[in-house]
Amino acid sequence: MTSNSCCHPSSAFIDFLDVGGTMTISQEIANLTEDSGQDLPEENVQIGSIQGTVVGLRYYTGTVNRGEMVSLVRQPQNPYDRNAVMVANVYGSQVGHIKKELAAPMAYIMDNNLARVEGVVPYGETNKFSMPVNLTFWGKEENRDAVHNQIRRHGFKLGTEFKGSLIWCTTQTSLGRDLLGLSSKMSAIPLTVEELKNAFDKLFDDLMEDKTREMEPAEVVCTSLLPHQKQALSWMTSRENSNDLPPFWEEKSGLYFNVLTNFAVKERPEKVLGGILADDMGLGKTLTTIALIASNFHNGKPLPLEQSVRSRKFDRNPSLWVAGTGKVPSGGSGGSGARATLIVCPLSVLSNWLDQFEQHIRADVTLKVYLYYGAERIRSVKLLSEQDVVLTTYNVLSSDFGNKANSPLHKVNWLRVVLDEGHVIRNPNALQSKAVLELQSERRWILSGTPIQNSLKDLYMLMSFLKLKPFDVKEWWSRIIQRPVTMGDRVGLKNLQVLVKGITLRRTKNSKVAGRMLVQLPERRVFVQHVTLSEEEREEYEQVRKEGRKVIGRYFEEGTIMTNYADVLAILVRLRQYCCHPGLVDDPGTPSELRERLINKITLVLNSGSDEECAICLDSLRQPVITYCAHVYCRPCICEVIRSEKQARCPLCRAQIKTKELVEYPGEEMQAGAATGENWRSSSKVDALMSNLLKLRNEDPTVKSLVVSQFTRFMDLIEVPLREYGFSFTRLDGSMAQKTRAKAIQDFQDSSPGSPTIMLLSLKAGGVGINLTAASHVFMMDPAWNPAAEDQCVDRCHRLGQSRDVVITKFIVKDSVEENMVKIQKKKQELVDKAFGVKKPQDLKQARMEEIRALMEI
DNA sequence: ACCGCCGGGTGCC
DNA sequence: ACCGCCGGGTGCC
């Protein structure tokens, strides 16, 4: 676990209604049972500073410069002094030790986690034997006295500041001339929360300057690129072939100098030949990347058009897909030896990559693509190294990685590594993040439509992957960027901006190229259709609502609303289900045993239709299991966690967990099968949908529609009248295997007569990237907690390639929990738009309780 | 002189 | 280290 505390303020807005995006029901519950900050001690308070001495310089090779930051590392095993505190420079080389008299109280403070200590060498860096170091102690306010006393007991005294200057002012871009105490007053006035929010929102905007040069792709790319894609290609190629120093490095009289850390080295810092392509969804990140692979093929040359025209053979069955079976194109084995590009992506877009390779690379060209996926994947380093492209998923990558001895992916020296939907590695503790960091390549790319989800911490993982020194080490990232920015330091923010700008290309659908919109998309119109329940339905609904109110009301009285949160959610889900169709609702039963309760809970989570994600792999749940602390994960993921830690704890709530205490999902057959047989009945919402669909078919039989719901069982129910009225339809939900998914999408996108005109789509099935442009109508059957999830869903058809205006119809049941959800959504949106204040966990809980009241009208 | 003072040896933790 | 500290050599003026 890394220590950390400072979340970006915006993360405070992720509360339980913001289920979409990344939150899942199990995570919500975890967040409530937890004391919000899931990290180690809060350290944002400056406890005090003191000047110490670094001794023993002549025994070590590590050097430091005037104003350079150093890190303090405890050495409890040191044979001469168990209080030893080692001093290391930014590159981790040992510089010396803290003099033992001061090391004694420091060791106590560090070992007992009373404070974290940070060092900056103010001057005297050329001393042979010792040098001063300014030490600053950061920690919780409540530890202030303990730290001061400990220092005093050893005959020292902690001051408050160095010469009236805040210590973190040393992080400035000014070549380190302005050092401690002499530094500018500029950063003395912290940014307001509002300024910070604005700056943050704009972090990825306007990154276009100097990135407007265009480049034609290699001839082998048979699709013509749009201007913005040519720009991206040019930018990516120049980054890969660049000899520029990485951001914040400057050459100065033969030395390489990092202006943020004041660290200088003789050797040129490692190049960062890659970056983040953060274009909005639908702008063609995949195509651009394929163009890059083909155009900056080996040794900076494009993939050649071969003389001998040979037809490609596709063998996409079962797991191997090799385009072309001929010899490796010449020139491939020269140079550094790396020839293969590794693409890691979520399962949901795997087939999209294959399709696009097929579509955009000329058929008479040999490009060896290997799909490293499935049980029969060939674990051969040699085979993989000889490919042009190897495609795999995060899950395969991490499962191989967990299997240390047998991960060929980690033994290949890749020409480049591309992480698609790279934001999924935002959690540094997740296995897949660790697996990704161990891949070897000079060129590293992250493709992502959402580079920062809610905090700077996400960005740290990206830097870590890009190996952008020194930000790939947590301590330096925190000291130089994260903490200064979170504290509102202007220089810190400036640095962050320069950093992001230097390695990111981002355009949105609204960006302009030479005054023109990047992409002219057809219109997108939203209608809300209010549905009135029939008398019978209303009666049933009111009864359920009354019962729910009674239960929740009692929790409120007892003050146990938060401890019974799962039950509250269950009640809300039940009400939402009633709005759709009474047949959706399970018989709650009265389980008493823990096991039964857990089975109930996991069933609820899995059947909520929200396409739950596993908090470890962040992908759809595979072999779902629930822990005793009621959190749901993939069995392989959580087993890996348990295996890798001595005292395994739940990643979501830190409760102790054991493999044998995992409870499996019993499967669908346990469920009372939804009444899809003879005794099927309709509902007001289904009727409303059907009348829309029939009317649409009458007007234009070629129009295709998406019918979206969060409840897969609702989709089961809708299938009945669709069949009855002779609609041809497909279906896409989270439970489907990769193959069937791809087939469903392919069938739907096909425009030939008789092709399906309707797709039943589960709200979050497959994540982003799916192309459903054949549809021009979207029916949102039930409101999502998070409107962004709905927008994302619509994006799948409202994107590049859509030729018709897109009409979205949202069904909302009048006088119901659905209407209340919409109201709360609106209110929250206003709040987010207005300001983005830091909410305390207490307020958050309060807000959640108020929302429950509003939803239940209590 | 059980001192002071000198000057050489020596040096992180 | 052009320091401090250690410990041996030394000892009136």
Side-chain angles (χ1 to χ4, degrees), chain A residues 2-3 40-41 43 46-139 143 146-159 162-163 167 170 176 179-182 255 258 261-267 469-470 473-476 478-479:
Chain A
T2 45
S3 71
L40 285 177
E43 354 178 308
Q46 217 193 94
I47 289 181
S49 317
I50 188 171
Q51 188 162 97
T53 311
V54 188
V55 293
L57 302 190
R58 65 200 234 91
Y59 301 99
Y60 308 100
T61 52
T63 55
V64 282
N65 301 289
R66 183 174 164 78
E68 185 174 324
M69 300 177 169
V70 289
S71 74
L72 293 312
V73 185
R74 277 281 291 120
Q75 278 185 335
Q77 303 301 337
N78 190 300
Y80 303 94
D81 182 0
R82 55 192 180 80
N83 289 328
V85 176
M86 185 258 261
V87 179
N89 68 17
V90 180
Y91 269 20
S93 319
Q94 179 161 5
V95 175
H97 282 102
I98 294 292
K99 224 164 140 43
K100 59 179 181 298
E101 292 79 4
L102 186 57
M106 272 175 74
Y108 178 87
I109 288 164
M110 292 168 87
D111 293 348
N112 291 292
N113 249 322
L114 295 177
R116 252 173 49 81
V117 194
E118 295 184 354
V120 173
V121 172
Y123 59 87
E125 70 283 356
T126 49
N127 287 354
K128 274 204 172 103
F129 306 100
S130 72
M131 62 184 162
V133 57
N134 289 338
L135 302 168
T136 308
F137 293 72
W138 299 81
N143 292 334
V147 172
H148 277 262
N149 288 340
Q150 173 65 11
I151 296 279
R152 200 176 308 127
R153 258 201 297 281
H154 286 78
F156 300 96
K157 188 161 167 24
L158 272 193
F162 289 110
K163 303 176 188 173
I167 192 74
T170 47
L179 298 170
L180 299 171
L182 313 164
L255 286 176
N258 187 301
T261 56
N262 288 312
F263 186 63
V265 272
K266 281 199 201 77
E267 318 78 51
K469 294 184 188 293
V473 173
K474 186 80 192 194
E475 172 173 4
W476 303 115
S478 297
R479 281 181 64 175

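Note on naming: letters A, B, ... go to the chains in the order of the sequence lines (proteins, then strands), and numbering restarts at 1 for each one. Just the heavy atoms: all of them, side chains too, but no hydrogens, waters or symmetry mates, feed the values below.
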- Message: In whole Å, I'd like the distance from the OH atom of A:Tyr59 to the C1' atom of B:dC13.
- Response: 10 Å

- Ignoring hydrogens and angles, tell me if any N or O in the side chain of A:Asn65 forms a donor-acceptor pair with the backbone of A:Asn262 under 3.5 Å. yes

- Query: Just how far, in rounded Å, is P of B:dC13 from CE of A:Met131?
  - Reply: 14 Å

- Interatomic distance at C1', B:dC2 relative to C:dC13, whole Å: 25 Å

- Query: Whole-Å distance between C:dA1 C1' and A:Arg58 CZ?
  - Reply: 9 Å

- Task: Would you kindly give the OH-to-C1' distance between A:Tyr60 and B:dG11, to the nearest whole Å?
- Result: 13 Å

- Query: Touch check for A:Leu57, heavy atoms < 4.0 angstrom, all strands: base, sugar-phosphate only, or nothing?
  - Reply: nothing

- Task: Mind listing the closest non-hydrogen atom pair of A:Trp138 and A:Ile47 along with its distance?
- Result: C-CD1, 4.3 Å

- A:Lys100 NZ - B:dC12 C1' separation (whole Å): 8 Å

- Report yes if a donor N or O on one partner sits less than 3.5 Å from an acceptor N or O on the other, where the partners are the side chain of A:Tyr80 and the base of B:dC12; otherwise report no. no

- Query: Is A:Asn78 touching bases, backbone alone, or none of the nucleic acid, heavy atoms closer than 4.0 Å?
  - Reply: base

- Query: What integer distance in Å separates A:Asn127:CG from C:dA1:P?
  - Reply: 8 Å

- Task: Please check if the side chain of A:Ser93 supplies one atom and the backbone of A:Asn89 the other of a donor-acceptor pair under 3.5 Å.
- Result: no

- Note on the structure: Here the distance between atom P of B:dC13 and atom CZ of A:Arg74, to the nearest Å, is 14 Å

- Note on the structure: In terms of heavy-atom contacts, A:Trp476 and A:Val70 come closest through CH2-C, 3.5 Å

- Task: Evaluate the side-chain contact (heavy atoms from CB on, under 4.5 Å) criterion for residues A:Leu57 and A:Phe129: first the C-alpha distance (whole Å), next the side-chain angles of each, then the deciding distance (0.1 Å), finally the verdict.
- Result: CA-CA 5 Å; A:Leu57 302 190; A:Phe129 306 100; 5.8 Å; no

- Task: Starting from C1' on C:dC3, measure out to CZ on A:Phe129 and report it in whole angstrom.
- Result: 10 Å

- Message: So A:Lys99, base contact, sugar-phosphate only, or nothing? Heavy-atom distance under 4.0 Å.
- Response: sugar-phosphate

- Message: Only pairs with both distances under 3.5 Å count, Watson-Crick or wobble alike; so what is the partner of B:dC12 in this structure?
- Response: none

- Task: Using the P atoms only, state how far B:dA1 lies from B:dC5, rounded to an integer number of Å.
- Result: 16 Å

